[in-house]
K.L.:
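Got a structure for you, questions after.
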Amino acid sequence: MKLIDEQAEESEKVEGIRGPVKIEELSQERIEAFVGEYNAETFDIIKKTAENENVEITSFWDKSATLLVKENTISLNSPDFEKNIFALVHDINDELFLETFKKLIKANFINGEKGVTLLEQHLNEMKRGELVDVYEEISENERFVIESLKDDVDNSVSYLMAFIQKKMK
């Protein structure tokens, strides 16, 4: 077991940190790698949002980060083939979550404003707990998605939201 723990620690030194993550504990190299993949504005949005007591950074890597905003999760990911921001939304009425998600989309995608507009067009339906399914090709390499997830036990509705951009080679 000790060997597995040592390997996990070594892997995290190279790749990232699993949470809870405190911004002030991140190495300068980690921050620079993340900013190089995204941008300084994205890092600043995460940093400012994480100051709220209801927000936890659950992982922070060179090419990804995950935030828990009360009941909602925002995940930024940038593998070789695409850059994306996903959100699993259990409480669509959480204003801090909504503002953070919108800011991250605008900061990371050329047509991010169009994704925010699509979200806002469907926000009232979502706040009423209606099923909303959107798959919008914003450009040749960008799309915005909202998928409804209904719990048959308590009839609650959660949403998966994403802005996805294919990386051009």
Side-chain angles (χ1 to χ4, degrees), residues 1-2 4-80 82-109 112-113 115-116 118-120 122-123 126-127 129 132 144-151 153-154 156-165:
M1 189 67 171
K2 184 178 179 198
I4 292 172
D5 291 339
E6 288 173 2
Q7 287 174 335
E9 286 177 20
E10 188 61 33
S11 173
E12 288 178 0
K13 287 178 192 173
V14 173
E15 297 175 5
I17 301 174
R18 295 181 200 271
V21 176
K22 298 198 181 324
I23 290 286
E24 61 273 8
E25 294 175 1
L26 293 171
S27 70
Q28 190 60 37
E29 293 82 13
R30 173 82 52 237
I31 293 168
E32 288 173 7
F34 184 85
V35 168
E37 186 66 31
Y38 294 95
N39 53 53
E41 183 180 2
T42 298
F43 179 76
D44 290 342
I45 292 166
I46 291 171
K47 182 178 178 181
K48 181 156 179 54
T49 302
E51 292 172 358
N52 186 295
E53 65 183 19
N54 295 312
V55 176
E56 179 180 307
I57 300 172
T58 58
S59 71
F60 196 95
W61 305 74
D62 293 356
K63 293 186 173 193
S64 67
T66 303
L67 296 104
L68 185 60
V69 183
K70 290 186 185 176
E71 298 176 37
N72 303 314
T73 304
I74 300 173
S75 179
L76 295 86
N77 194 22
S78 187
D80 293 337
E82 71 180 21
K83 179 161 72 169
N84 59 60
I85 298 178
F86 283 96
L88 179 57
V89 186
H90 298 291
D91 179 6
I92 194 66
N93 294 301
D94 182 342
E95 289 301 320
L96 178 61
F97 158 76
L98 285 171
E99 289 309 308
T100 302
F101 186 68
K102 290 176 189 178
K103 286 178 185 176
L104 289 169
I105 289 173
K106 289 178 186 177
N108 282 282
F109 303 105
E113 187 67 48
V116 169
L118 285 165
L119 171 59
E120 289 173 347
H122 296 281
L123 199 51
M126 294 165 70
K127 287 185 175 191
V132 175
F144 182 76
V145 177
I146 301 174
E147 239 179 74
S148 298
L149 309 167
K150 185 168 183 175
D151 185 332
V153 174
D154 67 2
S156 65
V157 179
S158 297
Y159 301 95
L160 174 66
M161 301 189 308
F163 197 106
I164 303 159
Q165 179 183 54

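We number each residue from 1, following the sequence as shown. Just the heavy atoms: all of them, side chains too, but no hydrogens, waters or symmetry mates, feed the values below.
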K.L.:
Are Leu88 and Leu149 packed together at the side-chain level, in the sense that at least one heavy-atom pair is separated by less than 4.5 angstrom?
P.N.:
yes
K.L.:
For the residue pair Leu119 and Phe101, establish whether any side-chain heavy-atom pair is separated by less than 4.5 Å.
P.N.:
yes
K.L.:
Give me the ring orientation class for Phe43 and Phe60: parallel if the planes are under 30° apart, tilted from 30 to 60°, perpendicular past 60°.
P.N.:
perpendicular
K.L.:
Whether Glu41 and Lys48 form a salt bridge (side-chain N of Lys/Arg under 4.0 Å from carboxylate O of Asp/Glu) is what I want to check.
P.N.:
no
K.L.:
Inspect the contact between Lys102 and Glu120 and indicate whether a charged nitrogen and a carboxylate oxygen are less than 4.0 angstrom apart.
P.N.:
yes
K.L.:
Are side-chain heavy atoms of Met126 and Ile146 found at a separation under 4.5 Å?
P.N.:
yes
K.L.:
Crowded around Glu53 CD? As in, over 12 foreign heavy atoms under 6.0 Å?
P.N.:
no
K.L.:
Between the side chains of Ser156 and Asp154, is a donor N or O closer than 3.5 angstrom to an acceptor N or O?
P.N.:
yes
K.L.:
Quick one: does Ile85's side chain get under 4.5 Å of Phe109's, heavy atoms only?
P.N.:
yes
K.L.:
Name every donor-acceptor pair, under 3.5 Å, that has one atom in a side chain of residues 65-73 and the other anywhere in the protein, sequence neighbours excluded.
P.N.:
from, atom 1, to, atom 2, distance (Å)
Thr66, OG1, Ser59, OG, 3.3
Asn72, OD1, His90, N, 2.7
Asn72, OD1, Asp91, N, 2.9
Asn72, ND2, Asp91, O, 2.9

K.L.:
Check the pair Lys106, Val116 against side chain to side chain contact (heavy atoms under 4.5 Å, CB included), reporting the backbone distance first and the verdict last.
P.N.:
CA-CA 8 Å; Lys106 289 178 186 177; Val116 169; 3.9 Å; yes
K.L.:
May I ask you to test the Phe86-Asn77 pair for a side-chain heavy-atom distance under 4.5 Å?
P.N.:
no
K.L.:
Test Glu95 against Lys127 for salt bridge (charged side-chain N to carboxylate O under 4.0 Å, His left out), laying out the working first.
P.N.:
CA-CA 12 Å; Glu95 289 301 320; Lys127 287 185 175 191; 3.3 Å; yes
K.L.:
Taking the side chain as every heavy atom from C-beta outward, state whether Phe163 and Leu104 have any atom pair closer than 4.5 Å.
P.N.:
no
K.L.:
Any side-chain heavy-atom pair from Val145 and Leu160 closer than 4.5 angstrom?
P.N.:
no
